[in-house]
Amino acid sequence: MKTMMKFLAATALTVALGSTASAKTLVYCSEGSPEGFDPALYTAGTTFDAASRTAYNRLVEFKHGSTEIEPGLAESWEVSEDGTEYTFKLRSGAKFQTTDFFTPTRDLTADDVIFSFERQLSSDNPWNSYVAGGSWEYSDGMGFPDLIKSIEKVDDLTVKFVLNRPEAPFLADLAMDFASIMSKEYADKLEADGQMDLLNQQPLGTGPFQFVAYQPDAVIRYKANPDYWAGKQPIDDLVFAITTDASVRLQKLQANECQIFPYPNAADVEAMKSNSDLTVMEQNGLNVAYLAYNTTQAPFDKPEVRKALNMAINKQAIVDAVFQGAASVAKNPIPPTMWSYNDAVEDDAYDPDAAKKMLEDAGVTDLSMKLWAMPVSRPYMLNARRAAELMQADLEKVGVTAEIVSYEWAEYLERSKDKDRDGAVMLGWTGDNGDPDNFLDTLLGCDAVGGNNRAQWCNEEFDKLVSQAKEVSGQAERAKLYEQAQVIFKEEAPWNTIDHSVVFMPMRTTVKNFVQDPLGYHRFDGVDIEE
């Protein structure tokens, strides 16, 4: 059966490429399958690469390779003096894609912007629960339903967001994937036809590439949007060849079956650098890997137990084995390259003897727990299974029995949100907007419990600090609040912070103008390939 599945996947890719043999085609060996194609429903970079960065745009965008904001579907904007009103002037003539499944009759208007956000804000909206079991993790986790008072149509090309309070990172938040702008006309047609679920299966936006087809776990096909407001892209066809094994991704790159791929094995990097047919980009990732304890479940509800488990795990050994030195041990929940990083915080020392005594003093003996390991490579954790095995061995030395569990990626992400989840889940994060709020509040705030806050940790003092930091406009004052929050985080230890990694991006030398992104995105607008 496995052989047949591999044959079918290979056949699908061959057909996808063969059908566009005369066109300029770029094949990207992606590391996994998207959870869906409505970016507002998800938080995984794999999904964002496949949906929001291809088919969609946002009101504002991040410049390539930067966290700097630039105009997107909004040509300009104004912010009121009190920071509670944002008025956006929309780009005239921005067209939605014409596809085999929908032909738009109008260009972008304020109605599309209002639809894209209101569906995430109100349970009364018919689109609020159109996907069974779906949730608006970012919108809810960042408190948007409480933050946004109203979204008003000034005219067809002007839209105003009215906030209940000032929100310092709001503009950067609107450049994030969950804020992608959908076509209300397309959504209305799907609703009228009783096919609302197709909004999450057949994406249609204003972006640089338009969706053609998806064969689950095998291939996603796109073609350049001929009506893209920023101009047609240099490549005609973009193919995502879904390849979960990093070694196989490398084999495909060397055989020119794909021209670029993410998250190589650390052991392969030096050989790739010496290959004259390849280019290997690298940069320090704006990321963190962590082990989130379920702080609502005994005995993980005790900070002293969590700190003892942290002290039992040799993080440097994980960095050496998994990254071969291309990472650093993490002590804070934000990376050291981010402003407000509190370097004065002291990490929990690796000390098995002290860890064992702390557990005994807390009355914890013969502890059995589940240790969740991701099934896919991520920039912050290239081999979660190997890392989990090292953790398992370390925990055994202090009398803790850890059972390693995993699931298919989409199921892993969904199950790990469960408030009754057992044990500790391994995950990580790459910053979405360059603001500390995107780590500290999005991953650890009270609003994110049951969503991005996999530790289910709600600390009132911590939450008050990160909430105050949103309302302060000066970066220096905000930084002081975030520095205090990091001290509380370390004292309470809802996570074991594992590492911050270097991110490598190998590609054929024929790939031109690809820009490595500090936010971890894989964008192909502007990319070209030599034939």
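Counting from 1, the numbers follow the sequence of the chain as shown.
Looking only at distances, a side-chain donor or acceptor of T47 sits under 3.5 Å from a matching main-chain atom of E35. In this structure, Y222 contributes its side chain and A50 its backbone to a donor-acceptor pair below 3.5 Å.
N452 and T442 are not linked by any side-chain donor-acceptor pair at a separation below 3.5 angstrom, with hydrogens and angles left out of the test. Side-chain contact of S501 with D499: a donor-acceptor pair under 3.5 Å is absent, judged by distance alone. H64 and N513 share no side-chain donor-acceptor pair at under 3.5 Å. No side-chain N or O of S123 forms a donor-acceptor pair with one of N128 less than 3.5 Å apart. Between the side chains of D227 and T98, no donor-acceptor pair of N or O atoms lies under 3.5 Å.
Using a 4.0 Å cut-off between a side-chain N of Lys or Arg and a carboxylate O of Asp or Glu, D525 and R53 do not qualify as a salt bridge. Salt bridge present: D107 and K95 bring a charged side-chain N and a carboxylate O closer than 4.0 Å. Taking the charged nitrogens against the carboxylate oxygens, E61 and R58 do have a contact shorter than 4.0 Å, which makes a salt bridge. Of the charged side-chain nitrogens involved, none lies within less than 4.0 Å of a carboxylate oxygen, so that E346 and K490 do not count as a salt-bridged pair. In summary, E137 and R454 engage in a salt bridge, as defined by a charged side-chain N under 4.0 Å from a carboxylate O.
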Set out, in order, the CA-CA distance, both residues' side-chain angles and the distance that settles salt bridge (Lys or Arg N to Asp or Glu O under 4.0 Å) for D528 and K24, then state yes or no. CA-CA 9 Å; D528 202 353; K24 189 178 285 190; 3.1 Å; yes

Which is it for D146 and R165 under the salt bridge (Lys or Arg N to Asp or Glu O under 4.0 Å) test, yes or no, and what are the steps along the way? CA-CA 9 Å; D146 294 326; R165 60 181 184 273; over 6 Å; no

Step-by-step ring pair (Phe, Tyr, Trp, His ring centres under 6.0 Å) determination, F178 to Y138: CA-CA 7 Å; F178 82 99; Y138 262 125; 5.6 Å; yes

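For Y482 against S340, the heavy-atom pair with the smallest separation is CB-OG, 3.6 Å. Closest approach of W136 and W127 over heavy atoms only: CZ2-O, 3.4 Å. Across D432 and N438, no two heavy atoms sit closer than the pair N-OD1, 2.7 Å. Summarising the geometry of E408 relative to P375, their closest heavy-atom pair is C-CG, 4.0 Å, with the distance given to 0.1 Å. Taking all atoms of both residues into account, the shortest heavy-atom contact from L291 to I498 is N-CD1, 3.9 Å. The nearest pair of heavy atoms linking V329 to H500 is O-CD2, 4.4 Å.
Counting heavy atoms of neighbouring residues, nucleotides and ligands inside a 6.0 Å radius, atom CD of E411 exceeds 12 of them. Counting heavy atoms of neighbouring residues, nucleotides and ligands inside a 6.0 Å radius, atom NZ of K470 exceeds 12 of them.
Ring geometry, F240 versus F524: the interplanar angle exceeds 60°, so the pair is classed perpendicular (tilted spans 30 to 60°). The aromatic rings of W372 and Y407 sit tilted, their planes meeting at an angle between 30° and 60°. Below 30°, between 30° and 60°, or above 60°: for Y186 and F102 the angle between ring planes is between 30° and 60°, a tilted geometry.
Between atom CG of residue N433 and atom OG1 of residue T67 there is a gap of 8.5 Å, rounded to the nearest 0.5 Å.
Cation-pi geometry between R119 and F115 is satisfied (NZ or CZ under 6.0 Å from the ring centre, within 45° of the ring normal). A cation-pi arrangement, defined by a distance under 6.0 Å to the six-membered ring centre and an angle within 45 degrees of its axis, is absent between R306 and Y293.
For the side-chain contact (heavy atoms from CB on, under 4.5 Å) with K160, the lone residue among K153, E78, E85 that qualifies is E85.
A distance of 6.0 Å or more separates the ring centres of W77 and Y86. Under the 6.0 Å cut-off for aromatic ring centres, Y290 and W429 do not qualify, their centroids lying 6.0 Å or more apart. In summary, the aromatic rings of F144 and F170 are positioned with their centroids under 6.0 Å apart.
In this structure the side chain of F161 reaches within 4.5 angstrom of the side chain of I151, judged on heavy atoms. Residues K89 and D155 have side chains in contact (heavy-atom distance under 4.5 Å, counting atoms from C-beta outward).
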